[in-house]
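Convention: sequence-line order gives letters A, B, ...; per-chain numbering from 1. The figures here come from the full heavy-atom set of this structure, side chains too, leaving out hydrogens, waters and symmetry mates.
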There are 4 protein chains.
Amino acid sequence: MAMSHLTAVRMPKTQTSPRRLVTEATMLPPGVTPAGSRGVILNEALRLFAERGYGSASIRDIAERVGIKAASMYSHYPSKAHVLAELIKIGHDEHLRRMREAVRSAKNDPVSQLVAVVRAHTLAHAEYAMLAVVSHAELHSLAPEFAAPILAVRRQSEMLLADIIQRGVNLGLFDVPDAQLAMLAIGAMGLRVAHWFSPDQGRTAEQIADNYAQFATRLVGVAS
Amino acid sequence: MAMSHLTAVRMPKTQTSPRRLVTEATMLPPGVTPAGSRGVILNEALRLFAERGYGSASIRDIAERVGIKAASMYSHYPSKAHVLAELIKIGHDEHLRRMREAVRSAKNDPVSQLVAVVRAHTLAHAEYAMLAVVSHAELHSLAPEFAAPILAVRRQSEMLLADIIQRGVNLGLFDVPDAQLAMLAIGAMGLRVAHWFSPDQGRTAEQIADNYAQFATRLVGVAS
Amino acid sequence: MAMSHLTAVRMPKTQTSPRRLVTEATMLPPGVTPAGSRGVILNEALRLFAERGYGSASIRDIAERVGIKAASMYSHYPSKAHVLAELIKIGHDEHLRRMREAVRSAKNDPVSQLVAVVRAHTLAHAEYAMLAVVSHAELHSLAPEFAAPILAVRRQSEMLLADIIQRGVNLGLFDVPDAQLAMLAIGAMGLRVAHWFSPDQGRTAEQIADNYAQFATRLVGVAS
Amino acid sequence: MAMSHLTAVRMPKTQTSPRRLVTEATMLPPGVTPAGSRGVILNEALRLFAERGYGSASIRDIAERVGIKAASMYSHYPSKAHVLAELIKIGHDEHLRRMREAVRSAKNDPVSQLVAVVRAHTLAHAEYAMLAVVSHAELHSLAPEFAAPILAVRRQSEMLLADIIQRGVNLGLFDVPDAQLAMLAIGAMGLRVAHWFSPDQGRTAEQIADNYAQFATRLVGVAS
DNA sequence: AATGAATGAGGCTTCATTCAT
DNA sequence: AATGAATGAAGCCTCATTCAT
């Protein structure tokens with residue numbers, strides 16, 4: 001009833017549904033892109049998975065963008081799932097790497113660490129927006145064998161933030177009744193950046209990161 | 001008959017990939033569930049779209065859970081997309097309705113309004129977690145004709161929050177250098193609740209909403 | 001080296017490789033052919049599996065002969081393997097049924113029973129030659145779940161013949177140093193009939209069955 | 001590298017369908033195995049064709065067992081069909097060679113010749129069981145150009161047995177109403193040995209051959 | 001002699017949808 | 001309102017083979 005005014009439509013691939021993210025940059029972290037066709041595949045698959053979702057991006061679609069035939073994909077990856085798994089693994093690894101690097105570089109007090117980690121988290125989601133969106137939105141498309149090592153990485157990233165907050169609370173620096181809730185809220189803020197960030201949207205990734213770091217410190221009750 | 005002993009040979013889709021959300025409740029807002037099979041379809045489709053994604057949940061899957069055959073689905077909905085569109089429309093409508101109701105019930109100052117709106121936003125994402133996840137994660141699966149009216153609703157919800165923040169800033173009550181960024185961050189916190197909320201996770205939706213309202217007021221620079 | 005005089009040839013489907021069997025009759029036992037398309041599928045699949053082998057007969061080939069499209073096959077059978085499994089099950093069931101009926105109808109002495117059983121075995125392989133060839137040649141194409149119930153039937157048929165021979169030996173009527181070897185040899189004679197039998201080859205199935213029954217009694221040392 | 005943890009995800013073809021034969025020996029007749037990779041290919045192809053059938057054993061499967069890549073197969077054989085053809089040719093040639101040698105070595109009476117030939121036939125099918133199974137079960141996979149010379153060999157073997165029986169009948173030594181039927185039955189007994197023979201099954205090939213020779217002489221009406 | 005990459009053909013199967021009943 | 005049968009399109013993937021290196 002409520003929808004009866006809508007006529008049945010088969011959506012051709014050219015019509016543009018609402019985009020899952022704004023940016024069009026498919027940048028992968030430095031040093032992880034394989035050479036040759038493998039690397040091209042990874043980039044084109046990333047773009048397609050982001051645009052249409054893993055289930056709706058076909059092997060043929062990817063191959064076409066790479067400039068090879070569908071069958072040739074299998075000279076480089078044993079299955080479509082392996083491509084997705086590699087992308088998501090790269091995304092999670094890079095995220096964790098940056099988070100750890102942030103902690104290592106920061107002064108050893110919870111406030112400095114929180115600022116560093118939230119900045120890293122936010123920057124990662126802005127700079128690798130497409131990778132971040134696919135990593136989150138399509139994780140559920142991975143079979144358990146593929147997902148397990150990735151989930152392990154994810155847990156480490158979460159723990160890292162959680163520990164900082166808990167330490168701040170323990171030291172009486174932070175004022176939050178529910179530390180895990182604070183962790184979840186702070187994490188969520190950064191996650192979402194990947195969906196709307198674009199180099200053209202008027203703020204640099206750095207500016208956003210600075211703002212979000214301030215949001216986070218305020219959120220845990222540190223005046224600023 | 002002769003083959004009945006072979007029935008069990010095909011492996012059902014049992015593998016449990018990482019879940020997109022924790023809750024298993026498919027609750028739809030009161031008053032919107034159609035009577036009869038239509039309502040059952042809506043609920044089962046919701047669960048399947050949440051579990052597997054729109055593209056990976058087939059008409060046959062839905063029909064099977066409803067207890068009818070795939071062809072019979074078309075006596076109730078003209079297409080699979082219509083089912084998704086109706087679900088997402090319901091989700092967005094209910095969200096906007098609650099947001100507006102929150103503003104209406106709140107005192108007329110930005111702080112009270114912010115608290116009310118963040119509480120409503122958070123509660124909606126906890127109470128209708130499955131609907132919220134599908135509404136966000138699968139919006140991109142809708143053809144533009146389906147998506148347009150929904151995006152209009154979404155913009156209204158965003159505007160509502162943005163306006164409150166802007167008013168707080170204008171009145172000197174809030175201290176944020178970039179009001180839109182604050183809006184995005186606050187919105188993001190609540191969105192994510194839908195993914196991890198569950199009645200069993202130790203906090204009530206109300207408790208979460210209270211915490212998040214405090215997070216929001218702190219985030220805009222109001223001490224609390 | 002030995003083959004170097006042969007040029008590489010892709011064999012088009014029209015060229016006729018050596019046939020696995022002579023007969024072209026696809027007869028199935030009475031009462032087991034399902035009505036409608038299912039029955040037609042069974043018959044055409046039988047012919048194709050016999051001609052080309054299970055692995056080389058495609059779903060499209062079968063569908064084409066039936067007069068439907070490949071996808072429509074799945075309204076009738078859940079997989080190609082199910083079609084093969086049903087055929088082989090039918091073949092083994094009918095074979096066992098006839099063997100048992102032969103024993104039941106025969107006088108209660110081992111010679112009469114041997115004659116009856118060998119006649120039944122031979123007749124079954126002549127009259128359902130195509131089914132017999134597929135049942136034997138393609139059993140290995142079935143996954144264990146499909147094969148298990150069929151192997152159980154096969155074992156019963158073998159046991160039936162083995163028991164008769166053993167009883168003849170025990171009663172001093174048969175003179176064979178190795179009863180199992182006799183069973184295998186007698187069984188093998190009949191099996192092979194399916195490959196060369198044809199209504200046009202100058203002997204009736206009955207005549208062959210009579211000859212083979214005599215061969216069998218002589219083989220176990222009964223003068224005749 | 002980055003994906004090395006995913007290597008184990010694809011399920012290898014482990015399921016054990018009913019085997020077409022029991023033995024696992026891939027022995028080829030002495031003197032015919034080519035040196036180097038060609039010989040290894042022949043042996044591994046033989047094993048795979050026997051296990052899965054020609055159509056279901058891929059060039060890649062064979063190459064993998066040989067320890068080379070699929071493309072390298074073509075440095076040794078011009079096509080997959082050539083490998084099968086060579087195997088079947090070897091099988092038939094060896095069979096005919098042994099049959100002829102048996103006649104040559106036997107005394108010049110039909111009974112002695114029948115015994116010698118049946119022994120040779122049986123021994124060949126026991127000792128080269130795998131080769132025999134492939135030679136029979138996959139002959140139909142060969143294009144006519146490949147099959148023709150092989151069928152010629154086969155006809156010679158059959159003729160050889162048929163002539164002996166006919167001579168026995170003509171001399172009044174054998175008592176069979178239908179000589180060809182006797183030939184077919186005797187041939188069938190031996191054929192089947194290849195499917196169940198195994199060095200571990202309790203009888204030597206010689207013992208089986210002796211038994212089958214007795215079966216054959218009895219079958220043609222010679223007391224023994 | 002070996003290989004990585006590529007490819008056209010084709011494999012089985014699923015899908016959303018239609019239509020006569 | 002429901003369904004069995006059918007179908008065009010498309011899905012992922014495998015295959016035998018080729019070719020430049």
Distance, rounded to the nearest Å, where [X] contributes [atom1] and [N] contributes [atom2]:
{"X": "K80(B)", "N": "dA9(F)", "atom1": "NZ", "atom2": "C1'", "result": "15 Å"}
{"X": "I59(A)", "N": "dT13(E)", "atom1": "CD1", "atom2": "C1'", "result": "16 Å"}
{"X": "Y74(D)", "N": "dG4(E)", "atom1": "OH", "atom2": "C1'", "result": "15 Å"}
{"X": "L48(A)", "N": "dG11(F)", "atom1": "CG", "atom2": "P", "result": "12 Å"}
{"X": "D61(C)", "N": "dC12(E)", "atom1": "CG", "atom2": "C1'", "result": "12 Å"}
{"X": "E64(B)", "N": "dC15(E)", "atom1": "CD", "atom2": "C1'", "result": "15 Å"}
{"X": "R38(C)", "N": "dG4(F)", "atom1": "CZ", "atom2": "C1'", "result": "13 Å"}
{"X": "R60(C)", "N": "dT7(F)", "atom1": "CZ", "atom2": "P", "result": "14 Å"}

With both distances under 3.5 Å as the test, what is the Watson-Crick or G-U wobble partner of dT14(F)?
->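 Pairing partner, where one exists within any strand: dA9(E).
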Across all strands, who's sitting opposite dA1(E) as a Watson-Crick or G-U wobble pair, both distances under 3.5 Å?
->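 Pair assignment: dA1(E) / none.
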Counting only side-chain N and O atoms of [X], is one of them less than 4.0 Å from OP1 or OP2 of [N]?
{"X": "H76(C)", "N": "dG4(F)", "result": "no"}
{"X": "S58(A)", "N": "dG11(F)", "result": "yes"}
{"X": "S72(B)", "N": "dT3(F)", "result": "yes"}
{"X": "S37(C)", "N": "dA6(F)", "result": "yes"}

Earlier contact from the 5' end, DNA chain E, for M73(A) and A57(C) |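 It is M73(A) whose nearest nucleotide is closer to the 5' end.
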Side chains of E86(B) and P34(B): does their closest heavy-atom pair fall under 4.5 Å?
->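 Heavy-atom side-chain distance check passes, below 4.5 Å.
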Does a side-chain heavy-atom distance below 4.5 Å link V40(C) with E44(C)?
->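 Side-chain contact under 4.5 Å: yes.
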I88(B), L84(B), I150(B), L46(B) screened by side chain to side chain contact (heavy atoms under 4.5 Å, CB included) with S135(B), the one that passes |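 One option only clears the test, and that one is I88(B).
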Report which part of the nucleic acid S75(A) touches: base, sugar-phosphate, or nothing (heavy-atom distance under 4.0 Å, all strands).
->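 Base, at least one base heavy atom under 4.0 Å.
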Which of these nucleotides, dT18(F), dT3(F), dT17(F), is closest to any side-chain atom of A71(B)?
->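 The listed nucleotide nearest to A71(B)'s side chain is dT3(F).
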When you measure from the side chain of K69(A), which nucleotide among dT7(E), dA16(F), dC12(F) comes out closest?
->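 So the side chain of K69(A) is nearest to dT7(E).
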Dump the intermediate steps for side-chain contact (heavy atoms from CB on, under 4.5 Å) on R65(A) and R47(A), then the final yes or no.
-> CA-CA 10 Å; R65(A) 293 221 187 159; R47(A) 184 189 307 281; 2.9 Å; yes
Of G55(D) and I68(C), whose closest DNA chain F nucleotide lies nearer the 5' terminus?
->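 So the residue in question is I68(C).
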Could you tell me whether a side-chain N or O of R20(A) sits under 3.5 Å from a main-chain N or O of F49(A), the two making a donor and an acceptor?
->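 Checking the backbone N and O of F49(A) against the side chain of R20(A), a donor-acceptor pair under 3.5 Å is found.
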